[in-house]
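Keep in mind that what you see is a predicted model, and the values were worked out from it rather than measured. When a ligand or atom number is given, it counts from 1 through the structure's own listing order.
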Amino acid sequence: MKDRNTPLIFERSRPGRRATCMPSADVPVRPIEDLLPAASRAAEPPPLPELAEPDIVRHFTSLSTRNMAVDTHFYPLGSCTMKYNPKRNERLASLPGLADLHPYQPEDSLQGLFHILHELQQMLAEISGLPGVTLQPAAGAHGELTALMIAAAHFRRLGQRRTKVLTPDTSHGTNPASARMAGFQTVTLQSTPEGYVDLDDLETKLDEQVAVLMVTNPNTLGLFDQQIRQVSERVHARGGLVYLDGANMNAILGIARPSDFGADMMHFNPHKTFSSPHGGGGPGAGPVCVSQALEPYLPLPIVARVDSKYRLIQERPHSIGRVRSYFGNVGVLVRAYCYIRTLGPAGLRRVSEDAVLNANYLLSLIKHFLVVPHGDRCLHEFVASAAEVKKTRGVRGMDLAKRLLDYGFHAPTVYFPLTVPEAIMIEPTETESKETLDAFAETLFRILEEPLDRLQEAPYTTPISRPDEVQAARKPILRWTCD
Ligand SMILES: *Cc1c(COP(=O)(O)O)cnc(C)c1O
């Protein structure tokens, strides 16, 4: 078992320990009073930990091994697309010609980067079928907000007062949250028992006040809504816009084009679909693609090609303005660019085919011992339910997720989507081997055979077992204090 009580670096501190040894100065030293007036100096030195270099290195290196990561463990986190991040993209993104750039450099000296960003805009336009692209948003949720601000600007200019955004009950929590932040009222749409948009419910809630329908397709149950065209047509018939939450693009790259099924706007999550590393609050990106009619509202700047040079367009009369500093999270975008360029159209299609194949293979193994309420087939992910074993034996989805950690598997997403009781949402991604998928299914099967009390106390091997998640979210302790 790993040590659960690793001291904080502050607790390891010993007065006077140092990581560096400065040689004595061989030039005259001016007294500190001459350099910094007393009024600008603190009375006491700051309470920073005092340690030798090896102790610092060991402390942080050991902390860095206490988490699971895609590089160390299978990570079937449904909806999050935790696929392996090819190291090639890391190498390319850290080339000095890219990594050492500064956003305030003259535009003429940023031509290489702009070339990359411009081509990325074009590639995302091609994949989505939507020609207007902004790379600025910093994450998927930020892309949603950006697109809804674009929609608001569009309807303002048309002189239409539209106050509502429709989101299905299976939607990701960011959808209604973004709608609220953009000043809309959210209205929840019911799903059919199969998990699709309920056309009857849509009909009763669709009116001239609806600005946008936000839809995730394939949805969070891993199902492609076959009626999506009809859904879009109905929204368009009432003058509304369709927003595709593109977090699940990993299932349909090069197979289905969002503009073809009616999307007017969408975001990509390059950190999911295009393999940029993510998790732990690290950087992501949320490029947004829009139809031609919505292009004038895109945030600025936009990288454009003008007379064989790349330029930043800084002004457009109807733009919603800036949503992120500089050109967005460029490191993430460069990795996504390398990934797309490396694979090409056929490779991207293969990514989706393999992701769907892997998910269906795992589904076919797991459905023999866990109920999968929504069908025999899925796209890139599927949602199993522990409701049955909870009823018969008291085993909850959370217990299974926690116990998996002891066997070296990152837990799947649990309790989402909200429409499936005791949901266990599994997304293996295309980068896993058959052996890994077999081992995961077998482990889950064995865990289900374990006694209830064994499961309820799990995990046993992690630094922290079962934190109070509500307290952790409401009252996080993010700062060390001396007292
Ligand atoms: C991940 C995700 C989001 C939010 O994207 P972030 O990049 O995490 O902000 C939105 N919708 C769905 C379906 C997602 O899976």
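Checking side-chain atoms of K83 against main-chain N and O of T273 turns up a donor-acceptor pair under 3.5 Å. For the pair N329 (side chain) and G331 (backbone), a donor-acceptor distance under 3.5 Å is absent.
Taking only non-hydrogen atoms, the option from M425, E381, H271 nearest to atom 7 (O) of ligand 1 is H271.
Partner L444 forms a side-chain contact (heavy atoms from CB on, under 4.5 Å) with one of L365, L370, I424 and no other, that one being L370. Each of L333, L253, N250 was checked for a side-chain contact (heavy atoms from CB on, under 4.5 Å) with F274, and the lone residue meeting it is L253.
Summary of contacts: the protein heavy atom closest to atom 11 (N) of ligand 1 is D245 OD2, 2.5 Å. The protein atom (non-hydrogen) at minimum distance from atom 6 (P) of ligand 1 is G140 N, 3.4 Å. The nearest heavy-atom contact from the protein to atom 5 (O) of ligand 1 is N269 ND2, 3.0 Å. Ranking the protein heavy atoms by distance from atom 14 (C) of ligand 1 puts K272 NZ, 2.9 Å first. Among protein heavy atoms, the minimum distance from atom 9 (O) of ligand 1 is reached at A141 N, 2.8 Å.
Ligand 1 places these atoms under 4.0 Å from at least one heavy atom of A247: 2 (C), 11 (N), 12 (C), 13 (C), 14 (C), 15 (O). Of all atoms in ligand 1, listed by their number and element, those nearer than 4.0 Å to a heavy atom of S79 are 13 (C), 14 (C), 15 (O).
In summary, the aromatic rings of F261 and F224 are positioned with their centroids under 6.0 Å apart. For H115 and Y310, the distance between ring centers is under 6.0 angstrom.
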